[in-house]
Amino acid sequence: MINKTEISAFQLVFLLIHVQIGVGIINLPYDIFLKANSDAWISILLSGMFIQLIILGYSFLIKRFPNYTIYDMHLTLLGKWIGSLIIIVYILFYIMSGSLVLANFVYYIKTWLMPRTPSWVLIGLMGLGAIFILKENLQIIARFLVLCSVFLIGFIVAAFYAFKFANITFILPVGSSGITAITKGIAPSFLSFQGFEMLLIFFPFVKASNRTIIKSASIANLFVTLFYTLLVLVSLLFFSKDELKLVPEPVLYLIKAFSFRIIERPDLLFTSMWIVLVATSFIVFVYGATLGVMTLTKTTRLNYVITILTVICFIIALNIKGVYNTSNASTLFHMYLIPIFIFFPLFLLVVSLIRRKKEVNNE
Amino acid sequence: MSFFKKGSNNEKNSISRETIFPTIEENIEYIQAVFCQTDDLAITETKWGDEKGVVIYLETMVDTAQFQRIFLSPVTDTKFSEQFNYLLASPELMKTNQLQDIVSEILIGSCVIFLQNKPVCYVYNIVQVNPRSPEEPDSEKSVRGAHKGFIESLEVNLNLIRERIKSPQLKMEYITLGTETNAVVAIAYMKDIANPTTVENVRTRLKMIKSDMIFSPGYIEESIEDTPFSPFPQVLYTERPDRVEANLVEGRIVIMSESSSDAIIAPASFFSFFQSTDDYNLRFWSGSFFRLLRLFCFWGTLTLPALYIAVISFHLEIIPYDLIGLVKTSIEQVPFSPFVEAVIMITTIELIREAGIRLPSPIGQTIGIVGGLIIGDSVVNAGLVSNVMVIIVALTAIMSFCIPTYEMGNTIRLLGLPVMLGAASLGFVGIVFAFMFIFIHLCSLESFGVPYLSPIVPTNLREWQDVIIRAPNWKRGYRQRELHTLKPIRASRGRAWDQHD
């Protein structure tokens with residue numbers, strides 16, 4: 001098994017925040033706006049609440065198996081074969097998540113910062129960085145993520161600064177898009193929360209009571225929801241409906257509109273800061289896949305697993321080119337979300353209730 | 001070791017002998033053999049009353065004048081037994097019959113006295129010391145506070161520490177290191193504060209050192225640090241007794257070696273390298289300001305040249321309209337790329353620094369003038385390097401010298417180069433990735449179990465007041481958590497009179 005290094009509940013909060021806030025933040029308002037129109041921010045809030053319910057649902061699993069990751073639960077409850085099969089689904093899911101993060105990352109960096117740099121350089125650097133940190137343990141990953149939170153503050157400050165130019169009439173009247181549109185907007189916002197389900201992978205490593213773990217996950221969810229709502233709201237208030245249709249990366253366009261005495265184009269700085277947020281979610285996704293592989297194969301060669309997984313992500317990401325390809329891949333990826341978020345954990349809970357199985361104390 | 005002992009055993013049986021020989025002659029012969037007939041081994045025959053005796057010592061180690069005055073003359077002048085009682089009362093006198101002890105005592109500057117027909121010999125320590133006075137160290141000057149510094153004598157240094165910490169809990173442990181040089185290394189810590197596991201850790205690592213000599217504290221550092229290939233220093237050097245005192249009381253461990261004026265403080269965290277003794281003697285506001293300034297210098301040294309290179313070569317659009325003309329005229333005539341420019345200037349500054357460091361100060365000043373004024377001015381006039389680049393590089397150098405520890409300053413200046421390389425090849429993206437690598441490394445570093453970046457990560461907000469700013473002393477009620485000290489709470493009710501009201 002992997003080194004059972006313990007992290008604190010405080011670090012868990014940041015772990016969950018950083019895995020969720022990643023590559024998507026710069027185009028999130030646009031995606032939701034396309035579905036939910038000017039009420040996109042309501043969709044985000046609603047999905048946040050929905051996620052909170054799921055987290056509370058997870059607490060039953062956590063209570064029953066305080067020392068098992070979700071991979072261990074699958075193996076114990078569903079037997080070797082079905083369990084392994086589902087773990088493979090999980091591993092593929094996280095490899096896909098990682099690859100999509102990389103592909104999107106390259107796409108936006110090429111659009112905004114480095115149009116002529118070959119993709120493999122950018123993806124390769126990201127992969128190297130990931131290998132560099134993943135060969136350490138979870139404690140060190142958590143430390144790094146906490147450190148990276150400085151950049152979140154940067155985005156929050158920028159968002160609040162943008163309120164200076166806000167036009168409140170752009171979102172009024174509230175609810176004008178109708179309930180159907182708002183519900184439709186939940187789907188893309190749900191995607192942006194992807195990563196919270198990793199709570200089920202990381203909670204056994206947290207040195208805290210189950211109650212505290214759930215509390216931490218809720219705090220993380222609250223933060224992410226508010227952060228997303230802030231970004232969406234500010235984009236909606238800044239751009240008119242017609243403008244917003246033309247700007248696929250509203251957050252960056254918004255920051256680009258500012259100019260200061262010493263920095264003419266703050267968006268370049270923010271794109272650079274965003275790279276770190278991308279890296280953090282990529283790192284955690286690969287780590288999630290790594291834990292799956294290690295549970296499945298019972299190997300202890302962490303370095304090999306990490307390198308192989310990162311290289312796989314590298315190759316997949318190189319082959320997802322352009323925005324159409326990315327969106328196709330994303331659609332494929334969406335089909336996974338509901339099973340991973342809700343279905344599998346629920347199934348586990350039901351099975352464990354039926355079979356009256358709980359964690360054996362002497363593991 | 002034991003193998004070789006066996007080999008010599010067959011050759012000469014007497015080597016393996018542990019206690020002294022019955023006759024003086026045999027002892028002399030033995031000692032001479034051990035010391036390879038060295039010329040500075042003095043053997044003086046004397047007679048005390050009726051008893052014949054012999055004094056053996058290394059004349060290069062023993063203070064002969066003092067030896068004559070307090071030891072030999074009274075003994076020979078008056079009656080032996082009477083004088084001997086006087087001698088026995090002296091703390092410097094030791095009785096032994098172990099040959100090994102005798103040899104090591106002679107080595108550290110003792111006289112060995114053999115008396116005819118006595119089964120023991122007397123060892124009288126009278127080592128010649130020529131210490132310099134404990135002056136303020138050049139590398140760590142302070143404006144306020146004590147101006148004493150360590151010198152090249154372990155005893156004096158430990159004395160300086162004891163002088164400051166009058167506590168029976170201050171414990172010193174001696175370890176002899178260096179298979180050829182047998183140097184004494186002392187570990188000092190507060191028994192009731194320092195974490196026993198850390199102490200044990202330091203002790204084991206020191207004892208595991210297999211080296212022929214401990215030439216300088218650098219040898220010890222390299223052998224005991226956690227990550228030897230890291231660019232960052234993981235133990236703190238100091239030559240100041242007050243700094244050692246503060247760190248001992250904080251719960252850290254101090255390692256001092258013989259003939260070295262540096263004390264090694266472990267575990268050290270990243271922020272200990274940005275603290276200076278002066279901070280604690282300044283008012284809270286200025287102390288905090290200077291500390292923030294130094295942290296800013298850390299950022300500046302790493303990023304400033306890289307940012308400039310990235311902006312000039314990739315993101316020119318980030319420069320505001322008013323500035324663009326200024327920058328453009330400056331770089332227009334320069335034939336090199338910004339990175340080459342930066343490397344030229346940085347190499348020049350490093351050359352000036354390296355040349356100036358070991359030269360006598362009058363010539364050092366000349367180097368400063370030639371290097372700084374003449375080269376700096378003419379390199380711009382000749383159009384080799386742009387004006388702005390000279391400003392940037394000079395500013396960077398000054399910022400790196402603001403960092404109060406020499407090692408950290410060097411590290412950061414050196415790390416600036418890869419960041420610049422990143423900036424030159426990928427612009428901002430390169431800088432971000434270079435930083436990511438540096439910070440991942442910093443996150444993974446630990447010094448004797450203490451995370452290097454603590455208390456930033458793992459986060460302990462309470463301690464930020466002593467690393468980011470310098471909170472008033474009476475505000476800081478706790479020792480650093482990551483040190484896991486036995487007394488996590490400090491006695492720091494400095495303003496108790498104020499709280500009654």
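Order of the sequence lines sets the chain letters (A, B, ...), proteins ahead of strands, with each chain counted from 1.
If you measure heavy-atom distances from B:Phe439 to chain A, the contacts under 4.5 Å come from both the backbone and the side chain. At a 4.5 Å heavy-atom cutoff, A:Ser259 makes no contact with chain B through either its backbone or its side chain. Neither the backbone nor the side chain of A:Ile141 comes within contact range of chain B; no heavy atoms are under 4.5 Å apart. Looking at A:Leu145, there are no atoms closer than 4.5 Å to chain B (heavy atoms on both sides), in backbone or side chain. If you measure heavy-atom distances from B:Leu445 to chain A, the contacts under 4.5 Å come from the backbone alone. Within the 4.5 angstrom heavy-atom criterion, only side-chain atoms of B:Val432, from C-beta onward, approach chain A. At a 4.5 Å heavy-atom cutoff, the contact between B:Leu426 and chain A is made by backbone and side-chain atoms alike. Proximity to chain A is absent for every atom of B:Phe435, based on heavy atoms less than 4.5 angstrom apart.
Remark: B:Leu442 CG to A:Phe144 CZ distance equals 10.5 Å, nearest 0.5 Å. Put simply, CD1 on A:Ile131 and CD1 on B:Ile440 are 11.0 Å apart, with the number rounded to the nearest 0.5 Å. How far CG of A:Leu268 is from CD of B:Glu317: 5.0 Å, rounded to the nearest 0.5 Å. Within the model, atoms OG of B:Ser444 and NZ of A:Lys135 stand 6.0 Å from one another, a figure rounded to the nearest 0.5 Å. With values rounded to the nearest 0.5 angstrom, A:Leu125 atom CG is found 6.0 Å from B:Phe437 atom CZ. Separation of atoms CZ (B:Phe433) and CE (A:Met126) is listed at 4.0 Å; rounding is to 0.5 Å.
More than 12 heavy atoms of other residues, nucleotides or ligands lie within 6.0 Å of CZ in A:Phe165, so this atom counts as buried by the packing criterion. Atom OH of A:Tyr161 has more than 12 neighbouring heavy atoms from other residues, nucleotides or ligands inside a 6.0 Å radius. Around the CZ atom of A:Phe260, the shell of radius 6.0 Å holds more than 12 heavy atoms that belong to other residues, nucleotides or ligands. Within a 6.0 Å radius of NZ in A:Lys110, other residues, nucleotides and ligands contribute more than 12 heavy atoms.
Taking B:Pro458 as the reference, A:Gln11, A:Gln139, A:Arg143, B:Pro451, B:Ser454, B:Glu482 meet the side chain to side chain contact (heavy atoms under 4.5 Å, CB included) condition, with sequence neighbours excluded. In terms of the side chain to side chain contact (heavy atoms under 4.5 Å, CB included) criterion, residue partners of B:Ser313 (sequence neighbours excluded) are, by chain and number, B:Ile309, B:Pro338.
Nearest heavy-atom pair across B:Val457 and A:Leu147 is CG1-N, 3.8 Å. Looking at every heavy atom in both residues, B:His441 comes nearest to A:Phe132 through N-CE2, 4.0 Å.
Most heavy-atom pairs under 4.5 Å with chain A: of the set B:Pro320, B:Ser425, B:Gly427, this distinction falls to B:Pro320.
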**Candidate pair B:Phe428 and A:Met114, rule side chain to side chain contact (heavy atoms under 4.5 Å, CB included), full reasoning** = CA-CA 9 Å; B:Phe428 282 169; A:Met114 315 242 85; over 6 Å; no
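None of A:Leu269, A:Asp267, A:Ile262 except one satisfies the side chain to side chain contact (heavy atoms under 4.5 Å, CB included) rule with B:Ile318; the exception is A:Leu269.
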